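In what follows, a single structure is set out as structure tokens and then discussed.
Reminder, nothing fancy here: chain letters follow the sequence lines and each chain counts from 1. FYI, side chains are in, hydrogens and waters are out, and symmetry mates aren't considered; it's all heavy atoms of this structure. All figures in this text were calculated on a predicted structure; none of them were measured in a lab.
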Number of protein chains: 2
Amino acid sequence: MTYSLEHIVGALKAAREEKGLSQRELSARAGVPQAHISKIENAAVDLKLSSLVELARVLGLELMLVPRSLVPAVQTMIGSADGASSPPGETHRTLNELKRLRNLLAQGTAQSTELPPDAREDWERLQRTVNELGHLRFGPAEREQLRRVVEQVRRAQKHPKRAGTLRAASNELRTLRNRLAHGIAEIASGPKPAYILDDEDDNA
Amino acid sequence: MTYSLEHIVGALKAAREEKGLSQRELSARAGVPQAHISKIENAAVDLKLSSLVELARVLGLELMLVPRSLVPAVQTMIGSADGASSPPGETHRTLNELKRLRNLLAQGTAQSTELPPDAREDWERLQRTVNELGHLRFGPAEREQLRRVVEQVRRAQKHPKRAGTLRAASNELRTLRNRLAHGIAEIASGPKPAYILDDEDDNA
DNA sequence: TAATTTGATATACTTAAATAGATCAAAATC
DNA sequence: GATTTTGATCTATTTAAGTATATCAAATTA
């Protein structure tokens, strides 16, 4: 296989991992069997253009033919867009942490109607907040804070009647969200995104 | 077929035409049958990645997966690199004109040994000069001048004993070459390319 | 520790890309 | 006007992508 094929195939795998998807999850989204995805990522097939385009689309990528002389410049652009403020692999871990939290909240949703009103409010607030985090950019410290929130939610689910744990988790997640939203404004020179905040915790 | 597939296929055809190649010529270089190239360019097959990569390579292109958000920027870069100082289609016509001239000179080479020494020298000078033109950038006026040179060479071949026609063609081609080389230096801000010129017609 | 998920590999089948070569009408060239 | 070149289409054959499904060992999660 030529360099270019290996490069394409490697980029697909990296993009899948970057999005925190398993091969089975990508399979479900792209309509391609998991076994075939494994072969593709291992360059064990010479895949068809339409298959490549579909996989790329699901992963937020577009296939382009670029004059060879411009390849280094384009690679630099891509690198700048991807690498900003996260160390390698960090995005993957963060997405996995967010996934765990969403799973916990999804599992517990049926039970949350049995909670006292205060706790149910915390639960819903957690769900709203976690949905606001997906596009924000985490560092290791932020991911560690997210992990603590996941722990707190897990403990709260184990002892539903223990007062305050869900509230603490909700507050900490909100703090994390505001801190990240604030940091994004600093990184992105330009007008800040317009947030409509439901809480008084507004540092923007 | 999705937009992206059509885009890729269109870019291949445009690149082939830009280089002044016929489907048969591309076939010979890429090792793909002409009939298949026709189908590819008409989106009548869902071609394999290895075929695409090979065609792209021959055409001076590289296949890249680009984040969707960067596609407009990359397209702008590509447009700037291609479109500089030539109107659409101009490069194609110029390459065809250069091809004609090369063909004429190649056909006439065997006979040129029968020419008087002066005329033979003009012939060789024409051949050297035409080889220096391939990478230079023509406008409509320059292409018209090239066309006149092709006419002059054709006439010289019809009447080999008519004095001066070959010399006139050789001089005009040299003038065109120097003008283009000079123009290139003006377009490309930066150090001028280092030419080693065989003639006194040195305007650099 | 047990259960679940993951990526890799296998079998069997269907569909189509790729190839070789020929041929045609239209366009371009001489 | 005659010849050559071009892009498109055709037939027949071979090879392999794509699919469905199962299974496995290793890794991860609970």
Side-chain angles (χ1 to χ4, degrees), chain A residues 1 5 8-10 12-14 16-17 19-55 92-93 95-104 106-108 147 150-151 153-155 157-158, chain B residues 1 5 8-10 12-14 16-17 19-55 92-93 95-104 106-108 147 150-151 153-155 157-158:
Chain A
M1 184 186 283
L5 285 169
I8 293 284
V9 150
L12 278 182
K13 182 169 182 175
R16 174 179 68 78
E17 291 177 335
K19 287 187 174 310
L21 295 170
S22 66
Q23 288 180 350
R24 282 180 173 75
E25 284 167 322
L26 177 56
S27 163
R29 294 186 189 194
V32 174
Q34 177 269 319
H36 203 49
I37 289 174
S38 179
K39 284 185 193 170
I40 290 169
E41 288 186 357
N42 287 293
V45 289
D46 185 356
L47 82 154
K48 286 184 178 179
L49 191 47
S50 64
S51 301
L52 174 60
V53 160
E54 181 60 17
L55 287 169
H92 183 202
R93 291 197 200 94
L95 285 170
N96 281 350
E97 216 63 61
L98 282 169
K99 209 160 137 193
R100 278 187 196 99
L101 183 51
R102 285 199 194 96
N103 286 345
L104 279 174
Q107 282 164 17
R147 226 185 52 79
V150 171
E151 286 299 314
V153 171
R154 198 169 268 149
R155 276 199 296 277
Q157 281 188 322
K158 272 179 174 169
Chain B
M1 184 188 283
L5 284 169
I8 293 284
V9 147
L12 277 182
K13 182 169 181 174
R16 173 179 67 80
E17 292 178 336
K19 285 186 176 313
L21 295 171
S22 67
Q23 289 179 352
R24 282 179 172 79
E25 282 165 324
L26 178 56
S27 165
R29 294 187 189 192
V32 173
Q34 176 268 318
H36 203 49
I37 289 175
S38 177
K39 285 184 192 169
I40 290 168
E41 289 187 356
N42 286 294
V45 289
D46 185 357
L47 83 156
K48 287 184 179 178
L49 193 49
S50 64
S51 299
L52 175 60
V53 161
E54 182 59 19
L55 288 169
H92 183 203
R93 291 193 200 96
L95 285 170
N96 281 350
E97 218 63 63
L98 281 169
K99 210 159 136 191
R100 278 185 198 101
L101 182 53
R102 284 199 195 98
N103 286 346
L104 279 173
Q107 283 164 18
R147 224 183 56 77
V150 171
E151 286 300 313
V153 171
R154 197 169 270 149
R155 277 201 296 277
Q157 281 187 324
K158 273 178 177 170

Taking only nitrogen or oxygen atoms into account, show me every contact under 3.5 Å that the protein makes with nucleotides 14-17 of chain C, one pair per line with its distance.
residue	atom	partner	partner atom	Å
C:dA17	OP1	B:Asp46	N	3.4

Does B:Lys19 pair with B:Glu25 as a salt bridge, N-O distance under 4.0 Å? no
Drop me the distance from A:Lys48's NZ to B:Ser50's OG, to the nearest 0.5 angstrom. 12.0 Å
Write down the protein N/O and nucleotide N/O pairs, taken from nucleotides 4-7 of chain D, whose separation is under 3.5 Å; answer none if there are no such pairs.
residue	atom	partner	partner atom	Å
D:dG7	OP1	B:Arg16	NH1	3.0
D:dG7	OP2	B:Gln23	N	2.6
D:dG7	N7	B:Arg24	NH1	2.8
D:dG7	O6	B:Arg24	NH2	3.0

Rounded to the nearest Å, what distance is computed from the NZ atom of residue A:Lys39 to the C1' atom of nucleotide D:dA20? 11 Å
Rounded to the nearest 0.5 Å, the CD1 atom of B:Ile40 sits from the CZ atom of B:Arg16 at a distance of 11.0 Å
d(CD, B:Glu54; P, C:dA18) in whole Å: 12 Å
Got a second to check how far B:Leu5's CG is from A:Leu49's CG, nearest 0.5 Å? 4.5 Å
Point-to-point distance, once rounded to the nearest 0.5 Å, from CG of B:Leu52 to CG of A:Leu52: 8.5 Å
Can you tell me the distance, in whole Å, between the CD1 atom of A:Ile37 and the P atom of C:dA8? 11 Å
Considering the terminal five base pairs at each end of the helix from C:dT1-D:dA30 to C:dC30-D:dG1, what angle separates the two local helix axes, rounded to 10°? 60°
Scan the side chains in residues 28-39 of chain B for donor-acceptor partners under 3.5 Å anywhere in the protein, sequence neighbours excluded, and list what turns up.
residue	atom	partner	partner atom	Å
B:Gln34	NE2	B:Gln23	OE1	3.0

Between the CG atom in A:Leu47 and the CD1 atom in A:Ile8, the distance rounded to the nearest 0.5 Å is 9.5 Å
